[in-house]
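Scroll down for the structure; my scribbles are underneath it.
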Amino acid sequence: MARPINEQVVVITGASSGIGRETALELATRGARIGAIARGEAALETLAAEVDRIGGEMLAIPGDVADWPTVERVAAAVVDRFGRIDTWVNNAAVSVYATIDELTVEEIARVTAVNYLGVVHGVKAALPHLRAAGGGTIINVGSALSERAVPIQGAYSAAKHAVKGFTEALRIEMEREGDAIRVVLIEPSSMNTPLFDHARSKMNVRPVPIPPIYEPRVTAQAILHAAEEPVPIIVAGGAGKLLTIVERVNPRLVDWWQLRNDSGAKDQRSDRPDAGQDNLFEPIETSGSATGRFGRTAKGSSVYTDLFELHPARKTAAVAAALVGGLLAVRRIGR
């Protein structure tokens with residue numbers, strides 16, 4: 001059984017903005033001690049100040065998760081400061097909006113290094129310390145795009161697919177070995193975060209999240225829940241779950257939707273000119289924000305996630321009921 005949040009030491013990568021920042025603030029509110037890593041030093045400083053105002057305790061370490069020695073050093077520094085690690089959250093991510101033809105090999109390698117190898121580095125750094133503490137939880141933040149890719153985000157989608165595969169293998173290995181380490185995959189739907197203003201764009205306009213959009217607190221709350229009650233997978237936002245279901249039932253239907261009027265690409269284009277600034281290789285020095293510019297249309301909660309994803313038994317019962325209902329409907333049609 002995991003410790004209560006207020007007794008935990010939690011490391012979170014990509015903590016300076018978006019989901020990572022929102023999660024750090026939620027953790028501080030609940031009394032957790034936090035190790036935070038991100039490239040943006042100014043944003044980490046403002047986060048540390050916010051955590052301090054809440055009354056929390058945080059160790060902020062500037063660094064790039066694509067660099068293995070840095071991540072290894074972060075783990076050691078957190079243990080040196082707080083004595084152990086209970087939960088490690090791999091969250092850092094970057095993106096490039098471009099067709100695969102337009103992407104350079106260097107850009108694909110960079111997205112892979114941060115979004116996938118950053119997770120690998122976090123896992124490898126965390127495991128020995130979690131074992132030393134007698135167990136704990138690893139939470140990897142994937143995406144709804146871990147289940148189904150979209151055009152214009154080929155590199156991002158591929159890296160998030162890799163995160164899903166790596167997480168599944170790790171979870172089974174931990175269970176096979178009888179380890180007291182739980183492994184969770186979080187799959188957020190589109191979130192209102194600054195990622196869309198930080199991403200590199202080759203569309204000549206700024207990208208936007210595919211609607212519907214949720215506030216990052218929806219994912220942050222899923223992460224906090226997983227830290228106390230680890231389950232294999234949590235989808236944050238009902239839209240992501242719908243995409244997953246349709247993809248499994250009829251992938252060609254998703255193809256049709258993406259190609260119909262080119263909606264798969266058009267839904268990711270804004271009418272705002274690209275500013276020509278991104279954080280792919282170097283951080284954008286800002287004061288940091290958990291939310292992006294889509295607050296007017298973003299949902300503050302997800303009824304589906306709250307009712308089902310955070311309660312596996314309830315979700316299993318709902319799936320069973322749906323299957324029985326489907327079988328009865330087929331039987332009636334047959335008659």
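In this text, all values refer to a predicted model and were calculated from it rather than measured experimentally.
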Step by step, work out the salt bridge (charged side-chain N to carboxylate O under 4.0 Å, His left out) result for Asp80 and Arg73. CA-CA 10 Å; Asp80 186 57; Arg73 176 173 56 83; over 6 Å; no
Determine, step by step, whether His198 and Asp278 satisfy the side-chain contact (heavy atoms from CB on, under 4.5 Å) criterion, reporting the C-alpha distance in whole Å, the side-chain angles of both residues, the deciding distance to 0.1 Å, and the verdict. CA-CA 5 Å; His198 294 171; Asp278 63 73; over 6 Å; no
Considering only heavy atoms from C-beta outward, does the side chain of [X] approach that of [Y] to under 4.5 Å?
X	Y	value
Trp88	Val11	yes
Val205	Asp271	no
Ile223	Val141	yes
Leu27	Leu224	yes
Ser190	Phe294	no
Arg81	Met58	no

Test Tyr97 against every option in Arg200, Gln153, Arg206 by the side-chain contact (heavy atoms from CB on, under 4.5 Å) rule and name the one that passes. Gln153
Roughly how far, to the nearest 0.5 Å, is [atom2] of [Y] from [atom1] of [X]?
X	Y	atom1	atom2	value
Leu47	Asp52	CG	CG	11.0 Å
Lys266	Gln258	NZ	CD	14.5 Å
Asn115	Ser95	CG	OG	7.5 Å
Leu170	Leu185	CG	CG	11.0 Å
Asn90	Ile12	CG	CD1	9.5 Å
Leu130	Met174	CG	CE	9.5 Å

Check whether [X] reaches the backbone of [Y] with its side chain - one donor and one acceptor, N or O, closer than 3.5 Å.
X	Y	answer
Glu102	Thr99	yes
Thr305	Gly237	yes
Thr70	Gly63	no

Does Tyr116 share a hydrophobic cluster with Leu195, counting links as ILVMFWY side-chain heavy atoms below 4.5 Å and allowing steps through other members? no
Would you call [X] and [Y] a salt bridge, using N to O less than 4.0 angstrom?
X	Y	result
Asp101	Lys202	no
Lys164	Glu168	yes
Lys241	Glu187	no
Glu285	Arg39	no

Should the pair His121 and Trp68 be assigned to parallel (<30°), tilted (30 to 60°) or perpendicular (>60°) ring geometry?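 Answer is tilted, since the angle falls between 30° and 60°.
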Please identify which of these residues, Gln8, Arg30, Arg3, meets the side chain to side chain donor-acceptor pair (under 3.5 Å) condition with Glu228.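 Per the side chain to side chain donor-acceptor pair (under 3.5 Å) rule, the option paired with Glu228 is Arg30, out of Gln8, Arg30, Arg3.
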Carefully, step by step, assess Thr87 and Arg182 under the rule side chain to side chain donor-acceptor pair (under 3.5 Å). CA-CA 9 Å; Thr87 298; Arg182 300 294 175 260; over 6 Å; no
